[in-house]
Amino acid sequence: MVERNSEQNAQDRAGRPFPVSWDQFHRDCRALTWRLNEVGPFHAVIAITRGGLVPAAIVARELGLRVIDTVCVASYDHDKQGDLKVLKGISEQTAKLGGGTGKGLLIVDDLVDTGKTGKLVREMLPDAHFATVYAKPKGRPLVDTYITEVSQDTWIFFPWDTALSFQPPIRDGAA
Ligand SMILES: O=P(O)(O)OC[C@H]1O[C@H](OP(=O)(O)OP(=O)(O)O)[C@H](O)[C@@H]1O
Ligand SMILES: [Mg+2]
């Protein structure tokens with residue numbers, strides 16, 4: 001029997017794998033921006049770190065926005081969610097642009113899963129527009145605009161978390 005390493009077991013626990021390449025991610029971010037372009041204009045983009053930094057850079061570039069702030073939240077240790085910790089909120093300057101409630105601000109994250117992170121940030125900025133590239137059913141009601149929905153038991157593997165590696169043939173048990 002083939003020895004399965006701990007990373008493979010972690011992926012099994014995480015459910016159906018959905019690997020996303022840089023190319024695909026860029027395309028999905030551009031598709032998201034086409035939708036957001038109909039909704040704006042926005043004063044600033046707020047990335048939920050760290051995953052939101054990548055789509056926020058692409059969306060900001062496409063929308064011509066140069067004011068970019070962050071809300072720094074930590075919760076997952078690989079595929080296990082712990083308590084949410086807000087390590088940094090938005091700056092006073094960005095808060096002013098949003099009139100204190102986030103009006104005209106665009107919050108961007110890579111995905112919503114349970115929706116816990118999105119809920120926390122929405123509470124901080126109730127009138128902001130919340131956009132994600134991917135959405136799972138539990139978190140989807142929190143998002144104003146997203147591109148691709150995946151099932152709750154799917155685990156999305158982002159290109160910045162992965163590397164090319166050998167895959168066994170499908171008939172030999174590859175996912
Ligand atoms: O809807 P939820 O169940 O709250 O999960 C979604 C959040 O989880 C991931 O971030 P994570 O906390 O893993 O940090 P990271 O962005 O630094 O990877 C992802 O980037 C979202 O921000
Ligand atoms: Mg995140």
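In each ligand, atom 1 is the first atom listed, and ligand 1 is the first ligand listed.
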For this session: Heavy-atom contacts with L111 under 4.0 Å: which atoms of ligand 1 show up? List them by number with element.
Result: 6 (C), 19 (C), 21 (C)
Exercise. Just which atoms of ligand 1 are under 4.0 Å from any heavy atom in R50?
Worked result: 15 (P), 16 (O), 17 (O), 18 (O)
Seminar exercise, completed: The option among V71, V54, V73, L120 carrying the non-hydrogen atom nearest to atom 14 (O) of ligand 1 is V73
Exercise. Looking only at N/O atoms, are G52 and ligand 1 under 3.5 Å apart anywhere?
Worked result: no
Exercise. Do the non-hydrogen side-chain atoms of V112 and F130 ever get within less than 4.5 Å of each other?
Worked result: yes
Exercise. Near G51, which atoms of ligand 1 are under 4.0 Å from a heavy atom of that residue?
Worked result: 15 (P), 16 (O)
For this session: Look at atom NZ of K96 and say whether more than 12 heavy atoms of other residues, nucleotides or ligands are closer to it than 6.0 Å.
Result: no
Problem set entry | Any N or O of G115 closer than 3.5 Å to N or O of ligand 1 | yes
For this session: Would you indicate whether the side-chain heavy atoms of T117 and I48 approach each other to under 4.5 Å?
Result: yes
Exercise. Hey, does W22 have a side-chain heavy atom less than 4.5 Å from the side chain of V54?
Worked result: yes
Problem set entry | Derivation of the side-chain contact (heavy atoms from CB on, under 4.5 Å) call for L36 and H129 | CA-CA 9 Å; L36 294 172; H129 190 94; 3.7 Å; yes
For this session: Under 4.0 Å from a heavy atom of D110: give me the atoms of ligand 1 that qualify, with their elements.
Result: 19 (C), 20 (O), 21 (C)
Problem set entry | Within 6.0 Å of CZ in R27, more than 12 heavy atoms from elsewhere | yes
Exercise. Which one holds for D109 and ligand 1: side chain close, backbone close, both close, or neither close, with close meaning a heavy atom under 4.0 Å?
Worked result: side chain
For this session: Identify, by atom number and element, the atoms of ligand 1 in contact range of V112, meaning under 4.0 Å from any of its heavy atoms.
Result: 1 (O)
For this session: Inspect the surroundings of CD in E92 and state if more than 12 heavy atoms from other residues, nucleotides or ligands are less than 6.0 Å away.
Result: no
